[in-house]
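Nothing fancy with the numbering, it's 1 onward along the sequence.
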Amino acid sequence: MPPAQRRGATPKAPVTSFPVAEGEEPWTEEEVAEIREELLAEMARMEKAIEVAEAGLADLFEDGGDGAGRDPADVGSSNFERDQEMSLAQNAREMLEQAQNAFRLFESGSYGICESCGEPIGKDRLQVFPRATMCVACKQREERR
């Protein structure tokens with residue numbers, strides 16, 4: 001087999017800039033590129049979700065009026081829809097902030113280190129949830145509080 005074909009068949013050299021949990025294989029260039037693309041795609045999705053939610057909110061506020069002469073059930077329904085849209089927009093903002101934070105860590109070379117205990121987050125966890133900034137144990141501890 002020619003050397004060029006063999007090179008294409010073998011995985012690229014591991015990227016050692018991101019830590020891995022005990023027992024995990026080192027990061028490959030392909031895996032690092034995939035995580036980077038996932039973070040960028042997540043940021044784009046969240047920006048679009050915020051845009052859509054804010055447009056929905058604008059429509060609800062325009063249609064809402066002052067409520068004078070409107071059926072109380074309609075006012076209540078409008079308020080519920082507005083609260084739902086506000087919650088969706090806030091959730092999307094928080095997810096965007098998480099993705100941006102993870103991307104900053106990625107670009108600075110600090111990606112994959114738990115912000116709480118300083119240990120590796122774990123490659124498996126980051127491949128499933130690229131926005132993670134805490135290892136599973138620290139995240140569970142935080143959620144119990």
task = Could you tell me whether the side chain of Leu40 reaches within less than 4.5 Å of the side chain of Glu37, counting heavy atoms only?
result = yes
task = Verify side chain to side chain contact (heavy atoms under 4.5 Å, CB included) between Lys48 and Arg45, making sure each step is shown before the conclusion.
result = CA-CA 5 Å; Lys48 182 67 177 167; Arg45 272 193 307 276; 5.8 Å; no
Exercise: identify the closest heavy-atom pair between Cys114 and Met134 = SG-CA, 3.7 Å
query = Does a donor on one side chain and an acceptor on the other come within less than 3.5 Å for Gln98 and Glu94?
reply = no
message = Between Arg131 (side chain only) and Asn101 (backbone N and O only), is there a donor and an acceptor less than 3.5 Å apart?
response = no
task = Identify whether Ile113 and Ile35 are in the same connected component of the hydrophobic contact network (ILVMFWY, side-chain heavy atoms under 4.5 Å).
result = no
ask   = Nearest heavy-atom pair of Ile121 and Thr133: which atoms, and what distance?
value = CD1-C, 3.5 Å
key: Pairs flagged by ring-ring contact (aromatic ring centres under 6.0 Å, His included) wherever residues 111-145 is involved - sequence neighbours left out   = Phe18-Tyr111, Phe106-Tyr111
inquiry  = Does Gln127 form a side chain to side chain contact (heavy atoms under 4.5 Å, CB included) with Trp27? I'd like the steps, not just the answer.
reply    = CA-CA 10 Å; Gln127 286 177 318; Trp27 289 91; 4.2 Å; yes
message = Is any side-chain heavy atom of Leu96 closer than 4.5 Å to one of Met43?
response = yes
remark   = Heavy atoms of Pro120 and Cys135 approach each other most closely as O-CB, 4.1 Å
request  = Using the side chain to side chain contact (heavy atoms under 4.5 Å, CB included) rule, take Glu25 and Glu31 through it: C-alpha gap first, then chi angles, then the decisive distance, then the call.
outcome  = CA-CA 11 Å; Glu25 294 291 320; Glu31 290 167 335; over 6 Å; no
ask   = Does any N or O in the side chain of Glu24 come within less than 3.5 Å of the main-chain N or O of Gly122, such that one atom is a donor and the other an acceptor?
value = no
request  = Taking all non-hydrogen atoms of both residues into account, name the closest pair between Glu38 and Pro130 and its distance.
outcome  = OE1-CG, 3.3 Å
key: Co-membership, hydrophobic cluster, residues Leu88 and Met46, 4.5 Å side-chain   = no
query = Is it true that Val136 and Val20 fall in one hydrophobic cluster, defined by side-chain heavy atoms closer than 4.5 Å?
reply = no
task = Specify the closest pair of heavy atoms between Leu39 and Ala102, including all atoms of both residues, with the distance to one decimal.
result = CD2-CB, 3.9 Å
query = Closest approach of Pro19 and Gly112, non-hydrogen atoms and distance?
reply = CG-O, 3.5 Å
